[in-house]
Amino acid sequence: MQDKSLVTIICLCYNHKNFVVESLISAVNQDYPFIEVIIVDDFSADNSKEVIRNWLTDYPQIQFIENETNLGSTKSFNKALKLAKGKYIIDLACDDILLPNCVSLQMKKFLESQFTNLGAVYGNAELITENGQHDSYYFAINETKKTIEKRQTGDIYLSVISGGNSICSVSSMVKKSVFDDLKGYDENLAYEDLDFWIRASRKYDFDFIDEILIQKRISTASFGTHFYLKNDSRSKKINYSTYLIIKKAIKLSRTKQEHKAILKRMHFELILAFNTSNFKLFFKYIVLEIKQRINILLKF
């Protein structure tokens with residue numbers, strides 16, 4: 001039986017004038033027909049807003065939020081989430097491209113999954129350059145384009161807190177009820193995905209789709225590159241957010257294995273803080289690591 005549930009695609013734009021139209025077209029041209037699109041421009045410094053307005057002349061039914069100041073991705077997404085009518089939500093950056101069958105494959109997995117407490121599904125992504133050329137895949141694939149390494153499904157909390165490539169955020173679809181339960185993204189953070197996946201995986205199961213669902217654009221201006229920059233203000237905000245996320249994860253963790261996984265992640269971030277000359281954060285991690293080691297000794 002076909003599920004005719006509405007899917008809301010929240011499209012977040014910040015200085016994406018060269019890519020936003022291609023991204024929006026990929027959202028409206030899905031082979032799954034029950035789509036709602038909400039666009040948020042986060043006070044772009046280029047002419048993204050004008051590009052979007054021109055494109056919207058052919059799509060007057062689409063909601064467009066124009067931030068009057070730069071709010072960041074967490075607050076911008078939450079603004080759109082309050083307006084979303086869909087049962088399922090996709091968070092799409094306006095330089096990425098959904099493949100035409102992305103939503104239908106995600107919906108199929110929600111219908112057929114063995115997990116009764118399923119909160120989110122995700123797949124693989126093709127990484128492309130600024131000019132749209134193939135670079136690599138998020139999860140390594142074989143000659144049939146299937147992932148080489150088996151992905152974690154069901155309870156993936158331990159995998160998420162351990163770090164690494166536990167989930168491909170850009171290829172995910174989440175039940176709106178999960179966002180509602182968790183009160184959306186944490187607006188105190190500079191980025192959203194790690195914290196949200198930690199909180200979501202503590203309460204809900206996840207399932208994996210072994211297909212390429214999206215093309216994710218990479219560039220020197222990409223968000224991910226700022227984790228590793230020295231003496232960069234944005235880098236400091238991002239990496240301090242990771243520190244806050246780890247502190248929150250300590251409170252959520254229950255077993256010795258989970259606490260040890262956080263300790264391992266904490267040590268990685270400590271080294272990153274040192275390598276990026278963020279010495280204030282480096283010493284915060286030293287104190288936190290000592291407390292975590294004592295916590296493990298006393299509790300277990």
Side-chain angles (χ1 to χ4, degrees), residues 7-30 35-49 51-52 55-56 62-67 70-81 83-84 86 88-100 102-103 106 120 122-133 135-138 165 167-174 179 184-187 189-197 212-227 234 237-238 241:
V7 175
T8 300
I9 304 175
I10 297 175
C11 305
L12 300 181
C13 179
Y14 181 66
N15 293 345
H16 291 143
K17 66 174 184 177
N18 294 327
F19 315 115
V20 62
V21 170
E22 186 177 13
S23 182
L24 294 175
I25 288 173
S26 78
V28 299
N29 283 353
Q30 289 295 301
I35 298 286
E36 172 189 52
V37 173
I38 302 175
I39 307 168
V40 186
D41 180 79
D42 192 19
F43 201 61
S44 292
D46 60 11
N47 68 333
S48 292
K49 285 186 291 187
V51 172
I52 294 169
W55 182 80
L56 283 173
I62 292 179
Q63 299 181 77
F64 181 30
I65 302 169
E66 300 180 50
N67 289 348
N70 181 252
L71 298 180
S73 59
T74 55
K75 291 180 180 178
S76 295
F77 178 87
N78 285 348
K79 281 180 71 173
L81 185 65
L83 302 175
Y88 301 92
I89 305 292
I90 292 175
D91 179 354
L92 178 66
C94 280
D95 56 346
D96 296 338
I97 304 164
L98 299 176
L99 297 189
C102 174
V103 174
Q106 291 166 326
Y122 71 101
N124 204 352
E126 180 187 12
L127 307 182
I128 60 173
T129 62
E130 285 193 23
N131 61 5
Q133 298 300 308
D135 180 87
S136 56
Y137 293 97
Y138 192 89
N165 62 348
I167 182 171
C168 178
S169 297
V170 296
S171 65
S172 65
M173 174 188 280
V174 182
F179 277 112
Y185 291 151
D186 185 339
E187 296 184 2
L189 302 173
Y191 69 101
E192 67 283 350
D193 50 356
L194 176 59
D195 172 71
F196 184 77
W197 298 134
I212 312 299
L213 302 181
I214 186 170
Q215 291 178 313
K216 175 177 173 52
R217 203 176 302 272
I218 55 174
S219 69
T220 54
S222 294
F223 182 87
T225 62
H226 285 267
F227 282 91
R234 191 181 184 196
K237 289 179 182 178
I238 292 169
S241 285

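For reference, positions follow the sequence shown, starting with 1. Heavy atoms only: backbone and side chains are in, while hydrogens, waters and symmetry mates are out.
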Please examine the side chains of Ile39 and Val20, heavy atoms only from C-beta on, and report whether any two atoms are closer than 4.5 Å. no
If only atom types and distance count, is the side chain of Asn15 paired as donor or acceptor with the main-chain N or O of Ala45 below 3.5 Å? yes
Just so I know, are the side chains of Phe179 and Asp91 near enough to count as touching, which here means a heavy-atom distance under 4.5 Å? no
Indicate the atoms forming the closest heavy-atom contact of Ile97 with Ile214, along with that distance. O-CG1, 3.1 Å
Which heavy atom in Asp96 sits nearest to a heavy atom in Arg217, and how many Å separate them? OD1-N, 2.9 Å
Quick check for you: to the nearest 0.5 Å, what is the distance between Ser73 atom OG and Asp193 atom CG? 8.5 Å
Does any non-hydrogen side-chain atom of Leu56 lie less than 4.5 Å from one of Ile52? yes
Main-chain N/O of Leu189 paired with Ser241 side-chain donor or acceptor, under 3.5 Å: no
Considering all heavy atoms of both residues, which atom of Val40 and which atom of Ala80 are nearest to each other, and what is their separation? CG2-CB, 3.7 Å
What orientation do Tyr185 and Phe196 show, parallel under 30°, tilted 30 to 60°, or perpendicular over 60°? perpendicular
Can you tell me if Gln30 uses its side chain to pair, donor with acceptor, with the backbone of Val103 under 3.5 Å? yes
Taking all atoms of both residues into account, what is the closest heavy-atom pair of Cys11 and Cys94, and its distance? CB-SG, 3.6 Å
Distance alone, cut at 3.5 Å: any donor-acceptor contact between the side chains of Glu192 and Thr74? no
For the side-chain contact (heavy atoms from CB on, under 4.5 Å) test, which of Cys168, Ser172, Cys102 pairs with Leu213? Cys102
Would you check if there is a donor-acceptor pair between the side chains of Asn67 and Lys79 at a distance under 3.5 Å? yes
